[in-house]
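Naming convention: chains lettered A, B, ... in sequence-line order (proteins, then strands); numbering from 1 in each chain.
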Amino acid sequence: MRWSRTLIDTLKENPAEAEIVSHQLLMRGGFIRKVAAGIYDYLPLGRRVLLKLEAIVREEMDRAGALEVLLPILSPAELWQESGRWEKYGAELFRIRDRHDREFALGPTHEEVITDLVRKTVKSYRQLPVNLYQMHTKFRDEVRPRFGLMRCREFIMKDAYSFDRDEVGAEKSYQIMFETYQRIFKRCGLRFKAVEADSGAIGGSFSSEFMVLAETGEEGIATCPACSYAANTEKAQGALPDPSQAEAALKPRELVATPGKHTVEEVAAFLNVTPRQLAKTMLYDADGQVVAAIIRGDREINEVKLKNALNAVNLVLASPEQIKAATGAPVGFAGPFGLQGVTQVLMDDSLQGAVNLVTGGNQADMHAVNVTPGRDFTPTRVLDLRLTRAGDLCPRCGKPLDLERGIEVGHVFKLGLKYSEAMHAAFLDEAGQEKLCVMGCYGIGVSRIAAAAIEQNYDEFGIKWPLALAPYAVVLLPVAPKDPAAMAMAEDVYAELQAAGVDVLLDDREERAGVKFKDADLIGFPLRLTFGKSVAENLIELKHRSTGQVEMVPRSEVVAKIKALIQAGI
RNA sequence: CGGGGCGUAGCGCAGUUGGCUAGCGCACCUGCUUUGGGAGCAGGGGGUCGGAGGUUCAAAUCCUCUCGCCCCGACCA
């Protein structure tokens, strides 16, 4: 492609709205333009990056034996009502009505639609296993779209769904996808990690997330430096490095005045104790029921764990009114004893064995001291409700865990029978017995990968695309377009590279050299060939964007050299 | 949904104690010069100040409502 004939509009300044690097560079490089919050146009450069990604994903999915389909974006409410997600998915589901007032959803994911397809199509065990996938636009009415392509309301996702005749087959399908994902992200040139994760709204028994490691990642990952354990902090079960110890003697519970002291730090300082001698009592509204979660003062509640423990759909902190009703006190003085109308009291195991704790007093400006679980209150359950943090011990090998940040680009789930049961996706086995399909689902955030790749590969001048994702592998840069010799050589090399099947862009604009260099660095082509003064000596300058390495290549060798570099993946 | 901020030319911004034909930089068009890291000079096109209503002799500027965008939180594959 010739620069003068494509549409590349670069910006010198960052758009005010772009906060993170990938968003800024995608905008400045002319890859995307915003249409509305979380909704973008993909310009020719952006589209080419997406096509590169889609080609990699498609090749690897096909290699794994998956079959590509194309499912509708619009799906009728009835399908969602059948699975129960019309209610459970909540406000994130885009819903529309047609002229006859029939309700539809804009697909955020396609379990219902695919299960419906399979139940209409698959009748025999002979047709299983089957893994169907598509790459399509997805819609989610995000509470807060942000960070450019990172969290959009409309985005491109590859979603795949496997159907097996039994658990053993489903496990195999899952493993195949897990390995396929490793191949895909490796081919994209990304540094990533597979981690254990919470299944969230999709449901199912087990899932792994594929995280691109980057400081700007929205997800926390706990990783073990000693073994292979890695988990999303929502899911991670780090063991306490410092369990609570019982003191010798139980002391009688007393109330003490703590005027105006609400937070753990304030109360601990006021009573001259350490935060870990406190027990925080957090009141939540779980689907309308008020529940209490109790945790040691130096730790935080992990609401995902709490939500799962309660099997709740919606979990939010209780309102001041609910707290007043349950404790009789304003916010900040809740304690675990004598609670009114609280259906469950869950205690984090950080308090296992602890005695003589400081808690809220259930009266304004009062705390209780010498509170002991089992004597002063009885938890409904004792379990891990903690947010894992750095230094907690690896659940597999006991070494202290590190905390990293990542961008979720893929997620593989074992779904089990959740959808096949609700929607009756069944087949007949050899014995003529009806069985339900055992399902798995596998997502890749295709458009998000583009942003993640930039978060991992950029410098002060712009993007450094991995070769596999670059819109063009090579940019040809004649320094002086009016120098006939240089221009002629660039044209020849351009034709030869094109003939060799290389993605090449010829910067034929009548711009000064500086402008061309800046644009090339900004857009991030992995290789640059500069046709300047050395053309007279039949030499072309080759520069690697990622390393900055420069070498002079004889004209006669340049095409072979570029082909070799691309072959080698650079 | 709670808190904070912002909507003035394609982009980045100034102007906002009401007062002249609404301004600057970048980008864009024309010409001349320049030509290996975002050139210089000269000339030029483009906005009615997010929208609606109101106050006033006079509104980008004040008031009311409304729409949109960004950040933090809540929330979220």
Side-chain angles (χ1 to χ4, degrees), chain A residues 9-20 23-24 27-28 30 33-39 85 88-93 107-111 138-148 150-153 155 157-160 197-204 207-211 218-219 232 234-235 284-285 303-304 307 313-320 407-413 415 441-446 448 460-462 477-483 486 507 509-523 528 530-535 541 543 548 550:
Chain A
D9 182 36
T10 59
L11 308 173
K12 284 187 182 174
E13 291 178 283
N14 282 324
E17 68 198 29
E19 196 71 13
I20 62 168
H23 189 192
Q24 293 173 340
M27 294 285 289
R28 280 187 56 205
R33 287 288 116 96
K34 189 174 76 173
V35 176
I39 303 175
R85 288 208 294 183
K88 286 195 175 178
Y89 212 97
E92 211 179 322
L93 187 64
T109 175
H110 279 74
E111 283 79 8
K138 302 288 185 197
F139 296 84
R140 292 190 189 172
D141 196 353
E142 290 284 349
V143 193
R144 188 176 157 207
R146 57 180 148 178
F147 299 150
M150 210 66 95
R151 185 165 290 275
C152 286
R153 291 194 289 178
F155 59 99
M157 176 162 125
K158 187 280 306 180
D159 48 325
D198 183 74
S199 313
I202 300 277
S207 78
S208 291
E209 288 171 338
F210 287 79
M211 297 284 200
E218 290 189 277
E219 306 288 337
N232 191 308
E234 289 178 348
K235 162 97 177 184
Y284 284 90
D285 177 336
E303 292 185 3
V304 173
K307 191 171 169 176
V313 175
N314 288 304
L315 181 76
V316 290
L317 278 171
S319 66
I407 299 162
E408 182 192 349
V409 290
H411 205 154
V412 293
F413 296 81
L415 286 179
C441 82
Y442 317 95
I444 289 183
V446 174
R448 181 183 279 185
E460 58 185 308
F461 302 110
L477 198 154
V479 169
K482 285 178 181 159
D483 171 356
D507 191 349
R509 294 175 299 170
E510 298 211 357
E511 286 287 353
R512 297 164 57 86
V515 173
K516 294 187 177 187
F517 287 136
K518 291 290 184 190
D519 275 343
D521 287 348
L522 174 61
I523 294 168
R528 185 183 87 195
T530 306
F531 300 80
K533 295 188 181 90
S534 58
V535 160
E541 177 190 296
K543 183 166 183 181
V550 177

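Between A:Val535 and A:Tyr284, the residue anchored nearer the 5' end of RNA chain B, judged by the nucleotide with its closest heavy atom, is A:Val535. With RNA chain B read from its 5' end, the first of the two nearest nucleotides for A:Lys543 and A:Leu315 is the one closest to A:Lys543.
Residues A:Glu541 and A:Arg528 are paired through a salt bridge, judged by an N-O separation under 4.0 Å between the basic side chain and the carboxylate. Salt-bridge annotation for A:Glu19 and A:Arg146: absent, with no side-chain N of the basic residue lying under 4.0 Å from a carboxylate O of the acidic one. Between A:Glu111 and A:Arg85 there is a salt bridge, since a side-chain N of the basic residue sits under 4.0 Å from a carboxylate O of the acidic one.
Nucleic acid contact for A:Lys307: sugar-phosphate only, since backbone atoms but no base atoms lie under 4.0 Å from a heavy atom of the residue. A:Gly532 comes within 4.0 angstrom of a nucleotide base, judged by non-hydrogen atoms across all strands. When heavy atoms are screened at a 4.0 angstrom cut-off, A:Arg528 is found touching base atoms of the nucleic acid. Within the 4.0 angstrom heavy-atom criterion, only backbone atoms of the sugar-phosphate kind lie near A:Glu303; the bases stay farther away.
For the P atoms, the distance linking B:C49 with B:A22 amounts to 11 Å, nearest Å. Remark: the separation of the C1' atoms in B:A58 and B:U21 is 16 Å, to the nearest Å. Going from the P atom of B:G47 to that of B:C62 covers 25 Å, rounded to whole Å. Distance noted for atom P between B:U34 and B:A39: 16 Å (whole Å). Comparing the C1' positions of B:G25 and B:A9 gives a spacing of 13 Å, expressed to the nearest Å. Using atom P as the reference point in both B:C70 and B:C13, the two lie 14 Å apart (nearest Å). Taking atom C1' on both nucleotides, B:C24 is separated from B:G46 by 15 Å, rounded to a whole Å. Distance noted for atom P between B:G43 and B:U48: 25 Å (whole Å).
For A:Leu477 and B:G37, the CG to C1' distance is 10 Å, given to the nearest whole Å. If you take CG of A:Leu522 and P of B:G37, they are 18 Å apart, rounded to a whole angstrom. The nearest whole Å value for the distance from the CD1 atom in A:Ile523 to the P atom in B:G37 is 19 Å. Rounded to whole Å, atom P of B:C1 lies 18 Å from atom CG of A:Asp285. A:Asp483 has its CG atom 11 Å from the P atom of B:G36, to the nearest Å. Separating the CG atom of A:Asp507 from the P atom of B:G36 is a distance of 15 Å, rounded to the nearest angstrom. In this structure, the CE atom of A:Met27 is 14 Å from the P atom of B:G10, given to the nearest Å. The distance from atom CD of A:Glu541 to atom C1' of B:G36 is 8 Å, rounded to the nearest whole Å.
Annotation for A:Arg153 and A:Ala36: closest pair NH2-CB, 4.3 Å, computed over non-hydrogen atoms. The nearest pair of heavy atoms linking A:Lys158 to A:Val446 is N-CG2, 3.8 Å. The two residues A:Cys152 and A:Glu142 make their nearest non-hydrogen contact at O-CG, 3.6 Å. Taking each heavy atom of A:Tyr442 and A:Phe413 in turn, the nearest pair found is CE2-O, 4.1 Å.
Base pairing of B:G18: no nucleotide in any strand meets the Watson-Crick or G-U wobble criterion (both distances under 3.5 Å). With a cut-off of 3.5 Å on both pairing distances, the Watson-Crick or G-U wobble partner of B:C41 is B:G31. Judged by Watson-Crick or G-U wobble contacts below 3.5 Å, the nucleotide B:G23 has B:C13 as its partner. Summarising the base pairing, B:C69 is matched to B:G5 through a Watson-Crick or G-U wobble pair whose two defining distances lie under 3.5 Å. Nucleotide B:C76 has no partner under the Watson-Crick or G-U criteria, as no pair reaches both atom distances under 3.5 Å.
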(message) Between A:Val479 and A:Thr530, does the side chain to side chain contact (heavy atoms under 4.5 Å, CB included) criterion hold? Intermediate values first, please.
(response) CA-CA 7 Å; A:Val479 169; A:Thr530 306; 3.5 Å; yes

(message) side chain to side chain contact (heavy atoms under 4.5 Å, CB included) for A:Glu209 and A:Lys235? Distances and angles first, verdict last.
(response) CA-CA 11 Å; A:Glu209 288 171 338; A:Lys235 162 97 177 184; over 6 Å; no

(request) Just do the side chain to side chain contact (heavy atoms under 4.5 Å, CB included) check on A:Leu93 and A:Asp141 with the steps written out, would you? (result) CA-CA 6 Å; A:Leu93 187 64; A:Asp141 196 353; over 6 Å; no

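With sequence neighbours left out, the salt bridge (charged side-chain N to carboxylate O under 4.0 Å, His left out) criterion links A:Lys516 to no other residue. Evaluation of the ring pair (Phe, Tyr, Trp, His ring centres under 6.0 Å) rule for A:Phe210 yields A:Phe178, A:Tyr181, A:Phe185 as partners, not counting sequence neighbours. Residues forming a salt bridge (charged side-chain N to carboxylate O under 4.0 Å, His left out) with A:Asp483 (at least two apart in sequence, or on another chain): none.
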(request) Any chance you could list the contact pattern along nucleotides 26-34 of chain B? Use B for base contacts, S for sugar-phosphate-only contacts and - for none, protein heavy atoms under 4.0 Å, 5' to 3'. (result) SS------B

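A donor-acceptor pair shorter than 3.5 Å cannot be found between the side chains of A:Ser208 and A:His411.
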Under 3.5 Å between N/O atoms: give me all the protein pairs with nucleotides 41-45 of chain B, atom names plus distance.
none

Pick out the pairs of N or O atoms, protein on one side and nucleotides 68-71 of chain B on the other, that lie under 3.5 Å.
unit_1: B:C69; atom_1: OP1; unit_2: A:Ala37; atom_2: N; d: 3.0
unit_1: B:C69; atom_1: O3'; unit_2: A:Lys34; atom_2: NZ; d: 3.0

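Residue-to-nucleotide contacts include no donor-acceptor pair under 3.5 Å from the side chain of A:Arg28 to the base of B:G12. Judged by distance alone with a 3.5 Å cut-off, a donor-acceptor contact links the side chain of A:Asp521 to the base of B:G37.
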